[in-house]
Each structure stands twice: as structure tokens, then as C-alpha cells.
There are 4 protein chains.
Amino acid sequence: MSELDTSTRILEAAQELFGDVGYDGVSMRDIADRADANKALVFYHHDNKAELFRRVLNRFFEAQRQAMDEALRQDAEDGVRAKLHRVGDAYIDFIHEHPRYPRLIQNTLTSGGEHFDVLREHLGGLLRTTEGILTDICPEEGPKAARHIMVTLTGAASNYFTYAPVVEGNWDKDGMISEEALEERREHLHWVVDLIVDGLKD
Amino acid sequence: MSELDTSTRILEAAQELFGDVGYDGVSMRDIADRADANKALVFYHHDNKAELFRRVLNRFFEAQRQAMDEALRQDAEDGVRAKLHRVGDAYIDFIHEHPRYPRLIQNTLTSGGEHFDVLREHLGGLLRTTEGILTDICPEEGPKAARHIMVTLTGAASNYFTYAPVVEGNWDKDGMISEEALEERREHLHWVVDLIVDGLKD
Amino acid sequence: MSELDTSTRILEAAQELFGDVGYDGVSMRDIADRADANKALVFYHHDNKAELFRRVLNRFFEAQRQAMDEALRQDAEDGVRAKLHRVGDAYIDFIHEHPRYPRLIQNTLTSGGEHFDVLREHLGGLLRTTEGILTDICPEEGPKAARHIMVTLTGAASNYFTYAPVVEGNWDKDGMISEEALEERREHLHWVVDLIVDGLKD
Amino acid sequence: MSELDTSTRILEAAQELFGDVGYDGVSMRDIADRADANKALVFYHHDNKAELFRRVLNRFFEAQRQAMDEALRQDAEDGVRAKLHRVGDAYIDFIHEHPRYPRLIQNTLTSGGEHFDVLREHLGGLLRTTEGILTDICPEEGPKAARHIMVTLTGAASNYFTYAPVVEGNWDKDGMISEEALEERREHLHWVVDLIVDGLKD
DNA sequence: CATGAATGAGTTTTCATTCAT
DNA sequence: CATGAATGAAAACTCATTCAT
């Protein structure tokens with residue numbers, strides 16, 4: 001940890017805090033403290049709070065895009081079903097590695113439009129990329145359109161991790177996303193994907 | 001609007017602002033200004049920010065519980081499929097009347113645990129109530145358990161309204177969701193419900 | 001208690017609170033709450049905070065002047081020693097009845113000059129009256145002058161009740177001035193008075 | 001004055017103001033203004049009002065403890081009388097240097113129990129230390145016990161400086177006590193000490 | 001008399017940001 | 001790079017006081 005350079009140490013501290021309590025709930029002092037750095041250094045390395053936040057977002061997005069690319073690259077000729085399974089798996093794997101990601105996105109989405117541009121650019125792109133998988137077997141418009149299905153699937157995947165602390169009795173920051181819970185959710189998503197793909201065929 | 005008494009005028013101003021920019025993004029001054037009231041008066045009527053926020057949440061929850069109760073009361077002997085359709089419709093109708101509701105919930109869920117108790121009491125209750133609908137046709141454990149399905153369905157329903165502004169322009173100038181978008185989403189949910197109910201029968 | 005009229009109920013509430021935490025430590029709301037009255041009523045009956053405080057002070061001073069007058073009236077031909085004993089006893093008795101008095105005076109004395117006028121008029125008068133007892137056997141000036149002795153005696157008497165919570169381990173609002181403690185302090189003061197009177201004769 | 005660093009400049013401003021109008025009578029704004037510093041800077045250097053006040057108290061107490069230690073160290077084999085004279089002199093000297101000290105203590109004592117812990121630790125220790133001087137010639141209990149005498153002597157010493165402004169004009173424009181008044185009070189205390197020490201021998 | 005509502009100025013405290021060294 | 005000090009704006013909340021009813 002302490003072998004990282006200061007700039008990324010700050011970035012990681014910010015990532016954790018923003019993910020835990022949202023943009024408005026974090027102060028630059030909090031971030032400096034968590035990174036074990038001087039407050040002024042945070043500004044030296046990252047200009048201002050909004051910029052720091054954008055870098056955190058972009059870091060996530062870049063990592064996620066890579067994960068998605070990798071998931072889609074292999075066996076490019078697979079069918080829709082297999083592709084969707086791999087995308088779903090990649091998503092779950094990503095959350096396993098970055099448990100604060102879904103909370104951060106949801107919080108950014110619901111905290112006023114301040115960072116919509118970054119979200120629109122990256123998240124929108126990601127959604128549209130994966131949407132492409134469905135275009136072959138989906139109608140262009142209406143309730144079975146690809147965008148509806150993608151929102152349903154990503155919602156189903158991410159919401160699990162934001163609703164969890166309320167549904168279960170435990171708000172245990174680290175334990176809330178256990179290996180077994182993730183595995184079961186992965187299977188559930190596969191099942192839903194299969195239902196939808198089969199449903200589209202009729 | 002101006003015919004309401006001050007206390008509720010403040011409550012509604014708070015509701016709108018909290019729903020738009022989240023708990024931490026709103027200041028008591030903002031609320032007072034929007035309610036066209038003196039700042040101290042906000043405290044006179046609602047003690048403190050957290051209490052005001054709780055009242056906003058409880059207002060929503062009470063309304064939602066009523067809507068759900070009504071949806072479930074009629075034709076109690078209906079099958080699971082019809083019940084789920086009615087619950088989904090009630091949810092969509094509720095959002096039509098209270099467009100800021102899903103954003104507010106998601107924001108509360110992802111802004112640090114400060115108001116989890118209220119969420120747990122009401123939202124958790126709501127989830128468990130509707131979960132009951134599925135118990136007859138669901139296994140108790142595993143990836144097809146009722147709780148997985150409920151999280152998927154509520155996620156599919158609510159996430160649409162938080163992702164929408166990023167995916168494309170489904171919101172009009174006032175942040176309201178268009179009638180047609182709501183109607184289409186309602187049909188999509190019906191379709192997904194049907195897929196799942198049929199899928200469980202196999 | 002509830003048979004008193006509102007105005008005096010407020011006065012007594014104010015007396016207790018001012019005595020416990022000082023002028024600046026009390027809010028009009030505190031007083032209204034303690035008197036179980038509406039806040040506006042406090043202003044209706046007592047104009048403003050400073051005026052209310054002055055009435056509390058004057059109430060104490062009137063009571064104390066009466067006690068002193070009574071103490072000095074009986075056996076007016078007694079010697080200095082007997083008179084001082086009676087004054088000391090009256091002081092102790094007064095504190096027994098009004099345990100918040102010494103704290104209130106000390107606090108007023110040390111909270112900025114805002115109410116010095118009332119203090120100067122009444123307390124100064126009281127000191128000078130009792131000073132008169134000593135004039136016969138005291139030099140007019142120097143370290144044995146009557147004013148030095150009076151300040152020493154009143155200091156010895158009142159300081160006991162303000163230092164007590166620090167010296168002893170107990171800050172028990174009601175029990176801090178127990179019957180026995182008062183009795184012992186009374187004897188101590190008699191002894192000191194005797195020492196001084198005898199000392200002046202040499 | 002302006003050559004001191006900001007932190008101590010604030011401390012001294014606070015000392016003066018707290019001593020003049022008491023804890024509740026001073027605002028952080030007042031302190032910042034008097035120290036010619038930015039309001040936020042007061043918090044940067046001293047965390048919060050209570051902490052700042054504690055530092056002021058501790059500063060006084062440390063200085064006083066030093067003064068007392070010095071007074072007691074020299075000629076340790078002296079008799080009780082000489083020791084008490086030296087303690088009394090040290091006390092008077094200390095007030096000469098720190099004229100706001102007695103007012104501050106009395107105010108803290110009578111402003112609600114918020115800072116009793118600091119008082120108990122230091123002032124209580126001081127009282128008990130000096131109490132030790134008297135134990136040899138005092139009974140353990142009753143009206144001539146050491147603690148009664150110490151409270152009388154400290155009361156006699158300190159009360160003079162809080163009562164003075166009411167009794168007559170012993171304070172100059174800046175609220176300082178005149179040299180001559182201090183000197184006369186010193187002699188008075190010596191006289192009282194002698195009376196008590198002699199009185200204990202009988 | 002009594003009350004609930006209203007208000008402007010003030011309180012303590014925090015924040016993002018800057019700057020001299 | 002790194003730091004301690006500094007700052008202006010704004011946050012949440014309280015207060016003495018007033019007023020219509």
C-alpha cells in the first residue's frame with residue numbers, strides 16, 4: 001500500500017470514500033486523511049474535488065471497459081446467449097474486485113446532474129456496446145427493445161448490491177458481498193438471461 | 001401550492017430537493033428558499049435536517065404502502081402472475097405520481113448508512129410482503145429463490161428511472177418521465193414477469 | 001407549584017436556571033419549558049431577558065435584606081461579636097433556603113459588566129450596612145479596615161458553596177448543601193469571626 | 001504582541017475575553033477579531049470552543065502550579081505560618097501577573113458543570129497540596145479542619161478580586177487591579193493567616 | 001392571558017481552495 | 001513534492017424577540 005505513489009494513494013482513498021458515502025458526503029480532508037497525505041497535496045495532484053471525482057469514475061470505467069472487451073473478444077462467433085452470460089459474468093467479477101462500483105454509480109446518478117457528462121460518455125457507451133449483442137434478436141422499438149432488456153439486466157445485476165444491506169440485516173462493508181452470494185447471483189442472472197433469450201425467440 | 005400551510009409547504013420543497021440532488025446535496029437554506037419560508041422556520045416545524053428527511057421518506061412510504069395494499073386487496077384469489085402484474089402496475093403508477101421516489105431511495109441507499117433504519121423498516125417490509133406472493137412457486141433457497149426474483153424485479157422497475165437520463169432523453173425539462181416511456185416500461189415488466197413465472201413452472 | 005400564578009412560576013423557573021448555569025447559559029426557551037409556559041408568555045410577563053434577570057436578582061436581594069434586617073433588629077445593643085455571629089448565621093440560613101444564591105451572584109460578578117448596576121446598588125448596600133457593625137473596632141484604612149474584613153468574611157462564607165463541587169467529589173445539585181455541612185461551616189465562621197474580633201482588640 | 005505566532009495570539013485573546021465576560025459570553029468570532037485572525041483559523045489551531053477554553057485553563061494552571069511549587073520549595077523546613085504567608089504571597093503575585101485568573105475560575109465554577117473535570121484535576125490538586133501544610137496543626141474533622149481553613153483562605157484571597165468592582169472602584173480602565181490594592185490585600189491576608197495559626201495553637 | 005407562527009441576527013463549525021516556504 | 005497556515009463562503013442550528021389571533 002505505502003509503496004504506491006502519492007497520487008494513486010490519494011486516488012484509491014477517494015475511490016473508497018466516494019463509494020461508501022457519495023460525492024457530497026466526502027470532504028477533501030477525509031480523503032487526505034485516509035490517504036495519509038497532506039490536504040494541499042490532494043489539490044496539487046488532482047486540481048479540485050470534481051476533477052478528482054472524475055478521475056475516480058474514469059478509472060472505474062476504464063477498468064470495466066477492459067473487462068467487457070476481454071469478455072467479448074474471446075469466441076466472437078458465439079451465440080447471443082453465451083455472449084450475455086459472459087457479459088453478466090464479467091460484470092459480477094468486476095463487482096467482486098470493485099465492490100464499491102455499483103454504489104458509486106447509483107449515487108452519482110441520483111446526486112444531481114453534476115457529473116452526468118462523464119456518466120453519459122462512458123456508461124452510455126458501455127450500455128450501447130452491450131446493447132449491440134441483442135440487436136439481432138430484438139425488435140428496434142417497443143417493450144422488448146434491446147435498451148429495455150439491457151436496463152433490466154444491469155438493474156438486476158447492480159441493484160442486488162445496493163438493496164442488499166436493507167434486505168438482509170447486515171450492513172457489513174466487506175462481508176456484504178461474499179463469494180457465495182456472488183456465485184448464487186451469477187446463476188440467477190444466467191437463468192434470467194436464458195428466459196429472456198428464449199422469450200425473444202417466440 | 002401557496003394554499004398549503006407552511007409546515008407541508010416546507011415538506012414538499014424538501015421532497016423535491018432531496019429527490020433531485022440527494023440528502024447531502026441540499027441545504028436547509030435551499031429548502032427554506034424553495035418553500036418561500038424563513039430559514040429558522042424550517043427548524044421550528046421540523047427540528048433538524050435528518051428529521052425533515054425522515055418525514056419526507058415516511059411520507060413516501062406511507063403513500064406507497066397504501067398503493068400496494070390497494071393493489072393486493074382486490075381479487076385476493078388471483079394467481080401469482082396477476083398479482084405480480086398488479087404490483088408492477090402499482091409501482092409504475094406510483095412513480096408516475098411521485099417521479100422523484102426512485103431517485104430518492106437509491107440516493108438514500110448509497111449515501112452512507114445514516115438513514116438505513118427508516119429504509120429497513122418500510123422498504124424491507126414492502127419487499128418482504130411482495131416476496132410472499134412468490135413463495136408458493138419458488139424454491140426456498142438457490143438462484144431461483146423469491147428474494148432473488150424480487151430484487152431482480154424491483155431493480156428492473158426502479159433502475160430504469162435512474163439510468164434513463166444517462167441512456168437517453170427520457171426526462172422532460174422538469175425531470176419528469178414521459179407518459180409513453182412509463183407505459184412502455186410497464187409492458188416490458190409484464191413481459192419479464194410472465195417469463196419468470198413461466199420459467200418457474202418448469 | 002402549579003397553584004402559583006404564571007408570572008411567578010416563570011420567575012422561579014428563571015431563578016433556578018440562572019442559578020444553575022448563569023445568565024448566558026440559559027435561553028428564554030429553557031425558562032418557558034421549565035415553567036411549563038408558552039415562550040411568548042415569558043415576554044408578556046417580563047419584557048425581556050435582562051429585565052427578567054434583574055427581577056430574579058431583586059427578588060433575592062429583597063429576601064436577603066429582610067433576613068439581614070431581622071438578624072440585626074433583635075437585641076440591637078449586642079456587642080460586635082454577637083452581631084457578626086447573627087449576620088453570619090443569617091447568611092448561612094439564607095443560603096440554606098436559597099441554595100442557588102451564591103452561585104448566581106458569583107456568576108453575575110464574573111460574566112461581564114452587564115448587570116453590575118443592580119449588583120452595586122443592592123449588594124454594595126448590603127456590604128456597607130454590615131460593614132457598619134465593624135466601624136467601632138476597625139481602623140478606617142489599611143489591611144484591617146472594615147471592608148477588608150467584610151470581603152474576607154463574605155468570601156469565606158460564599159466561596160464554600162462554589163468551591164464545594166470541586167473540592168469534594170460530588171456535584172450533586174441538591175445534596176451538595178447538606179444540613180450537616182451547613183452546620184459545620186456555620187461553626188467555622190463563628191470561630192473565624194471570634195479570631196478576628198479578638199485580633200482587632202489588640 | 002504581534003510578534004507571537006498565531007496560535008498563541010489566539011490563545012491570549014481567548015484568555016482575555018473568557019476572563020472578562022466568561023465562557024458563554026464570548027463568541028469564537030470575538031476571539032478571532034481580538035486576535036486579528038480569520039475565524040476558521042481559530043478552529044484550525046484549537047479544534048473547538050471547549051478545547052480552546054481548556055487550553056486557556058490549563059495554561060493558567062500550569063503557571064500557577066509552577067508559582068506554588070517555587071513558593072513551597074524554598075526553605076522547606078519553615079513553620080506553617082511562614083509557609084502559608086509564602087503561599088498567600090505567591091497567590092497575590094500570580095493575580096498581579098494574571099489579573100483575569102480569579103474571575104475566570106469563579107465563572108467556570110458557576111457556569112454549569114461543563115468544565116469541572118479540568119478544574120477538579122488542577123484546582124483540586126492545588127487545594128489539596130496546600131491543605132497539606134495545615135494538617136500538622138489542624139484537627140482531622142470538624143469546623144477547624146484543614147479543608148475549612150483552606151476554603152476560607154482561598155475564598156478570602158480570590159473573592160476580593162471578584163467583589164472589588166462592586167464594592168468600589170479598585171479597577172482601572174483596563175480591568176486591572178492597582179498595585180496598592182494588591183499590596184494592602186496581601187497584608188490583610190498575612191494578618192488573617194496569623195490569627196488562624198495562633199488560634200489553632202490554643 | 002395565552003398561543004403558534006414567524007423573523008433577523010447570531011452561534012459554532014466545516015469546506016474547498018490557496019499560498020508561502 | 002510536500003507542508004502548515006490562511007481564508008471566504010457556507011453549513012446546521014439557536015436565540016431573543018414580535019405579532020396576529
Side-chain angles (χ1 to χ4, degrees), chain A residues 5-7 9-10 23-33 35-53, chain B residues 5-7 9-10 23-33 35-53, chain C residues 5-7 9-10 23-33 35-53, chain D residues 5-10 23-32 35-53:
Chain A
D5 64 342
T6 311
S7 178
R9 238 176 46 237
I10 291 167
Y23 184 76
D24 289 317
V26 176
S27 82
M28 292 302 257
R29 195 190 194 286
D30 293 339
I31 294 170
D33 284 356
D36 210 30
N38 183 280
K39 220 191 330 168
L41 254 174
V42 179
F43 287 88
Y44 177 80
H45 285 291
H46 302 281
D47 289 24
N48 56 48
K49 195 183 177 185
E51 171 63 17
L52 175 55
F53 186 68
Chain B
D5 64 342
T6 313
S7 178
R9 236 176 49 237
I10 292 168
Y23 183 75
D24 288 319
V26 177
S27 84
M28 295 301 258
R29 193 187 189 287
D30 294 339
I31 294 170
D33 284 355
D36 206 34
N38 183 283
K39 217 189 339 167
L41 207 49
V42 178
F43 290 91
Y44 175 76
H45 284 291
H46 301 283
D47 287 22
N48 54 50
K49 195 183 177 184
E51 171 64 18
L52 176 55
F53 186 70
Chain C
D5 64 342
T6 312
S7 177
R9 235 175 49 236
I10 291 168
Y23 183 75
D24 289 317
V26 176
S27 81
M28 292 303 258
R29 194 190 193 287
D30 293 339
I31 294 169
D33 284 356
D36 210 30
N38 183 281
K39 218 188 340 164
L41 253 174
V42 178
F43 287 89
Y44 177 81
H45 284 292
H46 301 282
D47 288 22
N48 55 48
K49 196 183 177 184
E51 170 64 17
L52 175 54
F53 186 68
Chain D
D5 64 341
T6 313
S7 177
T8 38
R9 235 175 49 237
I10 291 168
Y23 184 75
D24 289 318
V26 177
S27 85
M28 294 303 258
R29 193 187 190 290
D30 294 339
I31 293 170
D36 206 33
N38 182 282
K39 221 194 326 171
L41 207 48
V42 178
F43 289 89
Y44 175 76
H45 285 291
H46 301 283
D47 288 22
N48 54 50
K49 195 182 178 184
E51 171 63 17
L52 176 55
F53 186 68

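Lettering follows sequence order; numbering is per chain, from 1. Computed from a predicted model, the values in this text were never measured in an experiment.
Between the CD1 atom of D:Ile31 and the P atom of E:dT11 there is a distance of 11 Å, given to the nearest Å. Atom-to-atom, CG of A:Leu52 to P of E:dC15 comes out at 15 Å; the value is rounded to the nearest Å. Distance D:His46 NE2 to E:dT13 P: 13 Å, rounded to the nearest Å. C:Asp33 places its CG atom 14 Å from the C1' atom of E:dT3, with the value rounded to the nearest Å.
Pairing each heavy atom of C:Asp24 with each of D:Gly25, the nearest pair is OD2-CA, 3.5 Å. Contact record, D:Leu52 with D:His46: CD1-CG, 3.6 Å, taken as the closest heavy-atom pair. Nearest heavy-atom pair, C:Asn48 versus C:Glu51, reported as atom, atom and distance to 0.1 Å: OD1-N, 2.8 Å. Scanning both residues, C:Met28 and C:Val42, for their nearest heavy atoms gives CE-CG1, 3.7 Å.
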* To do: Take nucleotides 6-13 of chain F nucleotide by nucleotide from the 5' end and write B, S or -, depending on whether a protein heavy atom sits under 4.0 Å from the base, only from the sugar-phosphate, or from neither.
  => BBB-BSSB

* Under the 3.5 Å Watson-Crick or G-U criterion, the dot-bracket string of DNA chain E, with | for inter-strand pairs -> .||||||||||||||||||||

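Atom NZ of C:Lys39 is separated from atom CD1 of C:Ile31 by 11.5 Å, given to the nearest 0.5 angstrom. To the nearest 0.5 Å, atom CG of residue C:Leu41 and atom OG1 of residue C:Thr6 are 6.5 Å apart.
In this structure, the ring pair (Phe, Tyr, Trp, His ring centres under 6.0 Å) partners of D:Phe53, at least two apart in sequence or on a different chain, are D:Phe18, D:Tyr23, D:His115.
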* Kindly determine whether A:Lys49 and A:Ser27 satisfy side-chain contact (heavy atoms from CB on, under 4.5 Å), including the steps that lead there. => CA-CA 9 Å; A:Lys49 195 183 177 185; A:Ser27 82; 5.9 Å; no

